Number of protein chains: 2
Amino acid sequence: MTLFDQSIDRRNKTPFYVQLANLLREAIESGEFKRGDSLPPERELESSFMVSRNTVRQAITVLENEGHVHRIRGSGTFVTQASPNPHIRIDAFIEHMGLLRLLGYEPSYKQLSNEIKNADVYLSEKLELKVGEKVFFRRGITFAGDQPAIYTEVYIGSSRTGGVEPAWDPTNKVFFDFLEKVVGDIVTSVDIDISPVVTEGELCAHFDKPECSPLLLLETTVIGLHDPKPISFGRNYYNPEIVKFSALRT
Amino acid sequence: MTLFDQSIDRRNKTPFYVQLANLLREAIESGEFKRGDSLPPERELESSFMVSRNTVRQAITVLENEGHVHRIRGSGTFVTQASPNPHIRIDAFIEHMGLLRLLGYEPSYKQLSNEIKNADVYLSEKLELKVGEKVFFRRGITFAGDQPAIYTEVYIGSSRTGGVEPAWDPTNKVFFDFLEKVVGDIVTSVDIDISPVVTEGELCAHFDKPECSPLLLLETTVIGLHDPKPISFGRNYYNPEIVKFSALRT
DNA sequence: GAGTGGTCTAGACCACGAG
DNA sequence: TCGTGGTCTAGACCACTCC
């Protein structure tokens, strides 16, 4: 089944450009187009798939943003890479359970505590609220099988929940869904600060590691749609033996 | 000078959508549109700036990819955030000297060595060449003022340079230009693996830190246009006190 | 129902790369 | 000079949100 044996399903509600991007991606991943090969020119795809050139360009843009291809004006569109590595794109919008499942693990979550705190100076800056204001705090460990993979601390300002204590429903495993329900807002973006840290104190026990083992810390600020104030601030410590992150510069 | 006081310069060779994106970005950064505000609807921008709606959409897509705005179908386009933090986007295409300059430091580079090695198994996989094949190796430290900021090791397969030893011209400070000249290829993308490590042995001396201090390691594989084989593989250790990375999930 | 962003078309001309 | 991707236009209809 090569690329041109297939076509766009015009009755399918999936946008044409998404369908075409999928076909092209499959052709790349199946090896029909190898690294360094050029893709068929846009005008050829246009006539072959009976769509407008803009639609073709939209499809190729999808692949470009994924890092599958790059375009050279005057020359063509070329297959970049496709190094299938067991790494998670650090800019991917994925929550912890799904992430570990993607890496082939059986994930589980163990809650360590769930309390009400008062915001200190650092937190008040991160969540844009007053020092001393009530914040809901939850922390826990996500396991990959029986290995501790991620230690998480999350803070949610009580003003964002209307003062209501967030009820974590264990049947609802998707953190962002939980967050959206709790604050009644839609998550639009997550700011991430990346830093390396070492295990010390409590962290050693959580990760069952000696002192001074490296961990990756991602500090996440979740931004919502309706209220410009951050929805939550969290610290996520990743066991580098289990969760490996990657990025791509193009 | 508000947004609608300005217009697109049609004699300017800068694409209209770039000009419009710049105007919108300035309006956001100047505070004319605050976080959570909605941008003017696309059809209003279309008529105000006398461009087609596609061009307006292209401009807004630029801002969206930068994380400045996000779109909600049926509602509008909203200013996300532009948390002005002194962090470097990890997916930004910037080399070390420019990066440190951006952070307000006076950068300098000190070469530690420049040698020819034979590829070990790990390198042979990364550079896609045979074990034992000749590789050029260079390592050094980039300083931020007088503080060590980045320790770098770079490997370039000798087959990619035609066997010629790369001559690092100290007047040419931009690494990618150097790389492109050396291998006669165009850099198209850089794969990055992100991991936390701790100082040990030689690294302690390079960074003037005690053992077990955290460092961020970015392993970079540089991909070129014409030859699908990687151009270079490098290890970059960042002092987290000086270089802070961020990412954005949208 | 009115207004918003999302998709799509069928053209056009320009800028660049390579032969 | 020719083929490529880059930009741009002026429409059209759909899907969704909000009133």
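Note that these values count all heavy atoms, side chains included, but never hydrogens, waters or copies made by symmetry. Since this is a predicted model, take the numbers as computed values, not measurements. All chains are named by letter (A, B, ...) in the order of the sequence lines, taking the proteins before the strands, and each is independently numbered beginning at 1.
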List every contact pair, protein side and nucleotides 16-19 of chain C side both N or O, where the distance is under 3.5 Å.
from, atom 1, to, atom 2, distance (Å)
C:dG17, O3', A:S75, OG, 3.3

Heavy atom of residues 14-27 of chain B under 4.0 Å from DNA chain D: which residues? B:P15, B:F16, B:Y17

Residues in side-chain contact (heavy atoms from CB on, under 4.5 Å) contact with A:S47, at least two apart in sequence or another chain: none

Outermost nucleotides of DNA chain D that come under 4.0 Å of a non-hydrogen atom of chain A: D:dG3 to D:dT9

Who passes side-chain contact (heavy atoms from CB on, under 4.5 Å) against B:A59, sequence neighbours left out? B:Y17, B:L20, B:A21

Let me see the working for B:M50 and B:R10 under side chain to side chain contact (heavy atoms under 4.5 Å, CB included), right down to the final yes or no. CA-CA 10 Å; B:M50 308 274 282; B:R10 283 164 189 275; 3.5 Å; yes

Heavy-atom side-chain proximity of A:K34 to A:V79 below 4.5 angstrom: no

By side chain to side chain donor-acceptor pair (under 3.5 Å), B:Q6 pairs with (sequence neighbours left out) none

If you pin A:R71 and A:K13 to their nearest nucleotides in DNA chain D, which one's is more 5'? A:R71

Rounded to the nearest 0.5 angstrom, the OH-CG distance for A:Y105 and A:L100 is 8.0 Å

B:L102: side-chain contact (heavy atoms from CB on, under 4.5 Å) partners, not counting sequence neighbours: B:I88, B:I94

Sequence-distant partners of A:E133, side-chain contact (heavy atoms from CB on, under 4.5 Å), two or more places apart: A:L129, A:K130, A:S159

With sequence neighbours left out, which residue pairs that include part of residues 44-54 of chain B fulfil the salt bridge (charged side-chain N to carboxylate O under 4.0 Å, His left out) condition? B:E42-B:R53

Can you name the residues that form a side chain to side chain donor-acceptor pair (under 3.5 Å) with A:R43, not counting sequence neighbours? none

Got a salt bridge between B:D193 and B:K126, using NZ or NE/NH1/NH2 to carboxylate O under 4.0 Å? yes

Strictly below 4.0 Å, heavy-atom distances to any atom of DNA chain D: list the hits from residues 41-59 of chain A, or just say none. A:P41, A:E42, A:R43, A:R53, A:N54, A:R57

B:T61: partners by side chain to side chain donor-acceptor pair (under 3.5 Å), with sequence neighbours left out: B:R71

